[in-house]
Every structure is written in C-alpha cells, then in structure tokens.
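The sequence lines fix the lettering, A, B, ..., with proteins before strands; numbering per chain opens at 1.
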There are 4 protein chains.
Amino acid sequence: MGRKQAFTKSELLDQTKKVLLEHGYEGFQLKLLSRGLAGARSTIYQYYANKEEIVAACMKRVMENVLHKVSAIDDSDCMNALQQLLTVYMEEANFHQLLGYAHKINKANSAAAAHDLEFIEQAHVTLKQQLERLFVRAQEEGHLNTSIPLPAIIGVFFNLIDTPNMMNIPIPQWSKLLYQIWLGGAGRL
Amino acid sequence: MGRKQAFTKSELLDQTKKVLLEHGYEGFQLKLLSRGLAGARSTIYQYYANKEEIVAACMKRVMENVLHKVSAIDDSDCMNALQQLLTVYMEEANFHQLLGYAHKINKANSAAAAHDLEFIEQAHVTLKQQLERLFVRAQEEGHLNTSIPLPAIIGVFFNLIDTPNMMNIPIPQWSKLLYQIWLGGAGRL
Amino acid sequence: MGRKQAFTKSELLDQTKKVLLEHGYEGFQLKLLSRGLAGARSTIYQYYANKEEIVAACMKRVMENVLHKVSAIDDSDCMNALQQLLTVYMEEANFHQLLGYAHKINKANSAAAAHDLEFIEQAHVTLKQQLERLFVRAQEEGHLNTSIPLPAIIGVFFNLIDTPNMMNIPIPQWSKLLYQIWLGGAGRL
Amino acid sequence: MGRKQAFTKSELLDQTKKVLLEHGYEGFQLKLLSRGLAGARSTIYQYYANKEEIVAACMKRVMENVLHKVSAIDDSDCMNALQQLLTVYMEEANFHQLLGYAHKINKANSAAAAHDLEFIEQAHVTLKQQLERLFVRAQEEGHLNTSIPLPAIIGVFFNLIDTPNMMNIPIPQWSKLLYQIWLGGAGRL
DNA sequence: TATGAATGAGCCTTCATTCAT
DNA sequence: GATGAATGAAGGCTCATTCAT
C-alpha cells in the first residue's frame with residue numbers, strides 16, 4: 001500500500017557519504033543531499049529526524065563495513081595481517097576522513113545520533129587496540145626496526161591510506177606497493 | 001588620522017589561517033574570524049571586499065612564505081634538499097591542507113580572489129616541477145629504489161607531512177625521523 | 001466491500017474537540033488528530049476536504065448539542081430556566097471556548113466550512129436573543145437588582161461557565177453553587 | 001556609532017503582547033511580530049535569541065508591572081484591597097490569559113527563557129498566597145458568606161477579570177461594578 | 001575610519017495536502 | 001476505501017554583507 005519509495009535508506013546514505021567527502025562536515029547541506037537523490041528534500045525526513053542523525057548513521061554504516069571486513073582477516077601471520085588491513089582501509093574509501101567529522105556532530109540535538117556515535121567511538125577504540133597488538137607482535141617477532149619509536153611507525157603506516165593514487169593503480173596492488181615502501185623504504189637497497 | 005587601527009591586515013590573515021584550519025573551508029565564518037580580532041566584524045570589509053578574497057589572500061601569503069623558504073634551500077645535494085623541503089612544509093603548518101581548499105573558492109564573486117588563486121596555482125605548479133626535478137636527480141644518482149614507480153615514491157613522501165605527531169617531537173627532529181622511515185623503511189634492516 | 005472502516009466521522013469529531021481544547025485553534029494539527037484515531041492521517045480526507053472543514057464541523061456538532069439541550073428546557077419559570085441553562089453550558093464543556101475560535105477559521109478555503117460557520121453564527125444569535133429574553137423577563141418579574149445594568153449582569157452570568165472548578169464538585173451542584181453566588185453574592189447576607 | 005535602532009526592546013515586547021493575545025501562543029509567529037514593527041524579521045534576533053525568549057521576556061515584564069502595582073495597594077482594609085486588586089488585574093489587560101501560555105513555552109531551548117519563567121512562577125505563587133491571605137482575612141472579619149466554600153468565592157472573583165465589557169465602561173468603574181455584583185449578587189436585595 | 005545595527009538570502013525543519021498503490 | 005509515502009509552502013534562525021552614524 002502507499003506509494004513506492006523515491007529512494008531507499010541505503011541510497012540516502014550512499015549520497016550522504018559522497019556529499020560529506022566532497023563538502024566536509026560544515027558544508028554538508030540537505031540541498032546537496034537531495035540533489036543527488038530521486039526525491040524532494042523533505043522526503044529525507046521520512047528516514048531520519050535531522051541532519052545529525054543522517055551523518056551519524058552514515059558513519060555508523062561505514063564503520064560496520066570496516067568491522068566486518070577486518071574481522072575476516074586471518075591474523076596468524078601479523079605482517080600479512082597488516083598488509084590486508086591496509087587494503088581494507090583503502091577500499092573503505094575515506095573511512096579515516098569521515099571519522100574525523102564524528103566529533104563535530106552535535107549530540108544534543110538527537111538521541112539517535114548520540115547512540116550511533118557511541119557505537120562508532122567504541123568500535124574505534126577496539127580497532128585501535130587490535131592494530132596496536134599487531135604492531136607489538138610485529139616488533140616482538142623482529143620484523144620492525146627497533147631504533148624507530150613504534151608510534152611513529154604506526155602513524156606513518158596509517159597515513160599511507162591517504163596517499164594520492166595518481167596513477168590509478170587498482171587498490172590491491174596499490175596497497176601492496178605502499179606496504180612495501182613503508183616496510184622497505186624508498187631508498188636503494 | 002581618524003580612529004586608531006583596529007587590527008592589521010596581517011593579524012587578520014593570521015586569524016584567518018587559524019579559523020580555516022580549525023573549521024575547514026565550509027565552516028569558515030566571519031563571526032569566528034572577528035571573535036579573535038580586536039575590532040568589529042564589519043571592519044574586516046575595510047581590508048577585503050568579501051569572504052573569498054580573505055581566504056585567497058591568506059592562502060597566497062602562506063604560499064609566499066613557502067616559496068621564500070624553499071628558495072633558500074641549497075639543492076647541491078638533492079637528498080639533503082629533500083630532507084630540508086620536508087621540514088619546510090611541516091613548519092609551514094598545514095600548508096598542504098590549506099591548499100586543498102583552494103579549488104573550493106568561488107572565483108566568480110571576486111576578481112581579486114581569482115587573481116590570488118591564479119598566483120597560487122602557478123606557484124603550485126612551479127613547486128611541483130622543482131620537487132620532481134629533485135626526485136629525478138635522486139633517482140639518477142642512484143639514491144632511490146628503481147623498482148618503485150617514482151610517482152608512488154613522491155606521493156608517499158608528500159603524505160608524510162600530515163603524519164600525526166603523537167609524541168610531540170620538535171618539528172626538525174620529527175621531520176628527520178619521517179625522512180628516515182621514508183628512505184629506509186620501518187622494517188628490520 | 002473494500003476495507004474495514006478505520007474510524008467513524010463521529011470519532012473524528014470527538015478527537016477534534018479534544019485536540020482543539022488541548023492545543024487551541026492555532027495549535028490544532030492533523031498529526032495530533034490522527035494520533036488519537038485508529039487510522040492513518042490521510043484517511044481523514046475521506047471525510048473532510050481540509051482542516052477548516054473539520055473544525056467547523058466539530059463546532060457545528062457542539063452547537064447542535066447545545067441547541068438540543070437548550071430546547072428541552074422548560075422556561076415557564078425564568079429563574080429556573082436560567083439555572084438550567086447554566087448547567088447545560090457547563091456540561092457542554094468548553095462550548096464557550098470553542099466558539100471563540102470560530103472567527104479564526106479561514107472561510108475562503110472552503111465553502112462547506114463557511115456554510116457550517118453560517119449555521120453557528122445564526123444559532124449563536126438565536127441563543128443570545130433567547131437568553132436576553134429570559135433576563136428581561138427576570139428583571140420585569142423583579143428578580144434582579146435594577147440598579148445594575150443588564151449587560152453587566154448577563155456578562156457575569158456567562159463568565160461563570162469558565163470558573164475553574166478546583167474542588168471538582170459534580171457539574172450539577174457546581175452549577176447550582178455558582179448560580180447562588182451570582183444571584184446572592186459572596187458577601188454576608 | 002552604528003545606525004540607530006529600528007525599534008526598541010520595549011516596542012518589541014509591546015507588539016509581542018499584542019500578537020500573543022490576538023493569535024495565542026501556538027499562533028505566535030515572528031512574521032506577525034515584525035509586521036507591527038519598523039524593521040525586518042531578522043532584526044528581532046538582535047534582542048532575543050529565539051521565539052521562546054521573546055515570549056518569556058514579555059510575560060516577565062507584564063508580571064513585573066503587576067507586582068509593582070500590587071505592591072502599591074494599601075491592604076489595611078482587606079475588602080478595599082480586594083477591590084483595588086481587581087482593578088489592577090483588569091488594567092493589566094489579559095495578564096491572566098498570558099500567564100496561561102507560560103507552561104507551553106519550551107524551556108529546553110533557552111536558558112534565558114527558563115530563567116524568566118522561573119521568576120514568573122515564583123511571582124505567581126507569591127501573588128496567590130497574598131490573595132488567599134486577603135480572602136481569609138475577609139472571611140474572618142465576617143465580610144463573606146460562610147456557607148459558600150472559599151475556593152468557589154475566590155474562583156468567581158478571579159473569573160470576573162475576563163468578563164467582557166460590552167458597554168465599554170472605563171476600567172475603574174467597570175471593576176467597581178463587577179466587585180459589587182460579586183459581593184452583593186445580581187438579585188434583588 | 002571604525003562600528004553597531006539592519007537586512008535579505010538561504011538553510012533546516014514541519015505540516016497540510018496530494019499521489020499512487 | 002485506506003494508507004504509506006511524497007512534497008511544496010512556510011516558519012525559525014543564521015550569516016555575509018551593507019548602512020548610517
């Protein structure tokens with residue numbers, strides 16, 4: 001009964017992510033959102049009660065994707081696991097950047113948004129711990145240069161994600177290449 | 001003689017940079033700008049005709065600083081020059097990030113802004129060429145691993161700039177450390 | 001036979017009255033209306049073409065009730081008739097208040113609403129005349145203090161209806177009590 | 001310095017009261033407010049941060065007026081004091097009605113509004129106590145009919161305020177007339 | 001010149017009403 | 001007939017920009 005939906009919740013969140021990455025959190029406007037959807041601006045309110053909830057839901061979904069992919073990684077070999085982790089983060093484009101917006105969301109406006117953010121925060125902590133454990137193992141197993149402080153190693157590793165892929169190399173290979181640079185350096189062997 | 005000067009152009013641009021980095025381009029508001037300035041919001045229009053011009057002027061100034069510092073680098077030893085370049089970019093905090101906002105500025109609104117952006121664009125190209133020349137030299141002189149495509153090496157190098165400095169190591173040392181990781185890798189030698 | 005009846009016209013008007021008294025005319029919203037009804041908001045339009053018609057119909061029904069009850073009053077004894085009138089108006093809770101909203105309804109929007117309002121207006125006039133005749137008779141029969149202008153006496157009498165019943169005395173007794181105060185005053189005899 | 005104000009805070013509150021009485025709380029719109037002012041709608045925000053604050057401030061001012069006038073009443077003779085109280089409430093037109101809107105204001109939206117409402121609430125309690133004391137004294141001094149419950153007497157007294165003044169009798173006389181009806185009744189002596 | 005005040009354009013959100021199943 | 005979904009027209013509020021002192 002009733003009409004058929006102009007767009008699905010999933011389409012809405014897809015577009016949300018797109019607009020968010022293109023215009024940043026402060027530049028996120030419902031006008032831009034609806035522009036990329038097959039329906040009017042006010043229709044958005046069928047799904048979410050306000051702007052904040054939309055953004056929070058979008059972030060939550062991205063986080064869930066990442067958690068899902070990460071949980072599928074075999075971490076028996078820690079170096080291999082790191083390589084795969086890097087790939088996952090790269091595939092889940094701009095996961096990193098999106099998370100940076102999380103703290104800007106005004107929780108006071110919406111309980112639902114606050115709840116989603118809580119989830120994201122929790123997951124974030126979990127991911128970090130998992131990652132740190134991998135790095136510690138890598139160090140203990142003698143794969144890393146012990147003269148470099150671990151936080152620096154981790155920071156550089158993470159930052160690889162945002163390296164601009166000028167040559168448009170497919171993500172799996174691009175990820176492998178960056179991993180090699182990170183581990184072996186850019187200098188002559 | 002009139003009234004006393006409320007704030008100088010330079011103070012205005014300092015504050016512009018601060019607000020820009022804190023709130024992003026889309027979150028840049030004149031209210032935030034004047035809040036950190038010793039004068040009224042409307043006084044800003046004594047210096048610039050609109051928002052776009054302010055941001056463009058700010059970026060231009062940052063670019064000029066970078067150009068100035070870069071031009072002082074001795075590039076007889078290309079590897080040393082690269083190391084120094086990295087330091088300069090890091091010192092000129094968030095130069096990279098600011099430049100990312102450049103393409104968001106609406107040039108249609110102001111000829112002055114368009115002019116400044118033109119300058120920035122030009123300088124950007126120049127810097128890139130200079131950098132590339134250094135990298136080519138580095139490769140020719142056998143400092144780099146030839147099995148890695150140069151664009152990837154450059155991309156990673158540049159991305160180092162944004163690596164979060166969790167341990168708050170002073171910039172010159174932090175720069176040196178990142179340079180080492182980049183060149184030698186994070187793995188065991 | 002189609003679908004089952006979601007709610008009757010009468011239920012709709014009951015709920016209309018409730019919402020109207022709770023939120024006032026300007027606060028009357030279809031969302032609040034359907035919330036207390038066993039059916040969807042859009043179903044309301046099966047009965048009435050727009051908001052104005054609903055409110056007008058509600059008022060008309062209340063007025064009809066009052067007319068009905070009033071016509072049953074035996075007015076051979078005018079003082080007794082007045083007492084009974086007061087009771088009727090009080091039973092027909094907030095009749096008075098509802099009528100106050102009548103002039104706010106935008107007739108331009110709906111012929112049906114305009115028609116109902118016409119009826120209400122007419123009935124209102126009739127009731128007033130009837131009442132006035134009763135008061136005139138009461139005065140002529142010497143029941144009222146002739147040193148007080150009749151309009152003042154009538155005004156006070158009518159206003160009794162809205163006296164807050166803090167002690168929750170049952171309406172018939174409450175009505176009788178107010179009638180006594182009105183007639184005999186609050187002062188020592 | 002700067003331009004001269006389009007309207008004063010006081011004018012704003014005057015108009016607020018007018019619109020509030022004409023359209024009720026739910027019908028109170030900034031458009032209606034600015035329509036009666038010599039300035040644009042957005043100018044209102046120079047004085048108050050939102051709708052709620054405006055309404056709360058308006059009510060507070062009315063309450064302050066009432067408190068001021070009430071405090072000037074000589075209550076050595078309680079019956080005389082009651083008569084004067086009635087006049088005050090009538091002069092401060094629709095004070096009663098306005099107060100009825102107080103509980104509809106959404107305090108969550110504004111600390112300033114909540115603060116004003118706190119004041120109003122407090123003053124309301126004080127006024128009520130003062131009034132009750134007067135009535136108790138009146139009863140003890142034997143001015144009132146002891147066979148009528150005091151709350152009913154008080155309720156009727158208060159309700160007099162809203163009696164429609166059809167003949168447009170000047171307020172002091174109108175008040176006196178109502179007081180007489182209340183005390184002595186409308187019936188033949 | 002410096003600025004306090006004014007303001008219109010634009011954004012978020014709500015709501016009566018219409019559509020299409 | 002009943003309804004879930006769609007939507008444009010407003011209303012509250014903010015902000016860049018202009019005015020007038």
hbond_proxy C:Gln46 side chain to F:dA2 base (donor-acceptor, 3.5 Å cutoff): yes
For D:Lys9 and E:dA6, give me the distance from atom NZ to atom P, rounded to whole Å. 13 Å
Note: C:Arg61-C:Asp14 ion pair, threshold 4.0 Å (strictly below): yes
Using the closest heavy atom to pick a nucleotide of DNA chain E for each, name whichever of B:Arg41 or C:Lys51 lands nearer the 5' end. B:Arg41
Whole Å only: how far is the OH atom of C:Tyr48 from the P atom of E:dT18? 17 Å
Applying side-chain hydrogen bond (donor to acceptor under 3.5 Å, both in side chains) to A:Gln5 and A:Tyr47, what does each step give before you reach the verdict? CA-CA 11 Å; A:Gln5 298 183 320; A:Tyr47 295 104; 3.2 Å; yes
Toward the 5' end of DNA chain F, by each residue's nearest nucleotide, D:Lys4 or D:Ala49: D:Ala49
Are any of C:Ser42's side-chain N or O atoms less than 4.0 Å away from OP1 or OP2 of F:dG4? no
Check the distance between E:dA9's P and A:Gln29's CD and give it to me in whole angstrom. 17 Å
Atom OH of D:Tyr47 and atom P of E:dA5 are separated, to the nearest Å, by 8 Å
Determine whether a donor-acceptor pair (N or O, by modelled atom type, separation under 3.5 Å) exists between the side chain of C:Asn94 and the backbone of C:Gln97. no
Side-chain heavy atoms of B:Tyr48 within contact of B:Lys9, under 4.5 Å: yes
Using heavy-atom distances to pick each residue's nearest nucleotide on DNA chain F, tell me which of A:Ile44 and D:Tyr45 is more 5'. A:Ile44
How many Å lie between CG on A:Leu12 and C1' on F:dA5, as a whole number? 14 Å
Rounding to an integer number of Å, can you tell me how far D:Gln5 CD sits from E:dG4 C1'? 9 Å
Starting the side chain at C-beta, find the nucleotide from F:dT3, E:dT17, E:dT7 nearest to C:Asn50. E:dT17
Length of the line joining C:His23:NE2 and E:dA16:P, which is rounded to integer Å: 12 Å
If only side-chain N and O atoms of A:Lys31 are considered, is one of them under 4.0 Å from the OP1 or OP2 phosphate oxygen of E:dC11? yes
Pairing partner (Watson-Crick or G-U wobble, both distances under 3.5 angstrom) of F:dT7: E:dA16
Closest listed nucleotide, where the reference is the side chain of B:Ala6 and the choices are E:dT17, F:dT3, E:dT3: E:dT3
From CD of A:Glu26 over to P of F:dA16, roughly how many Å is that when rounded to an integer? 13 Å
Base, sugar-phosphate alone, or nothing: which one does C:Phe28 contact when heavy atoms must sit under 4.0 Å apart? sugar-phosphate
Backbone of C:Glu11 reached by a side-chain donor or acceptor of C:Thr8 within 3.5 Å: yes
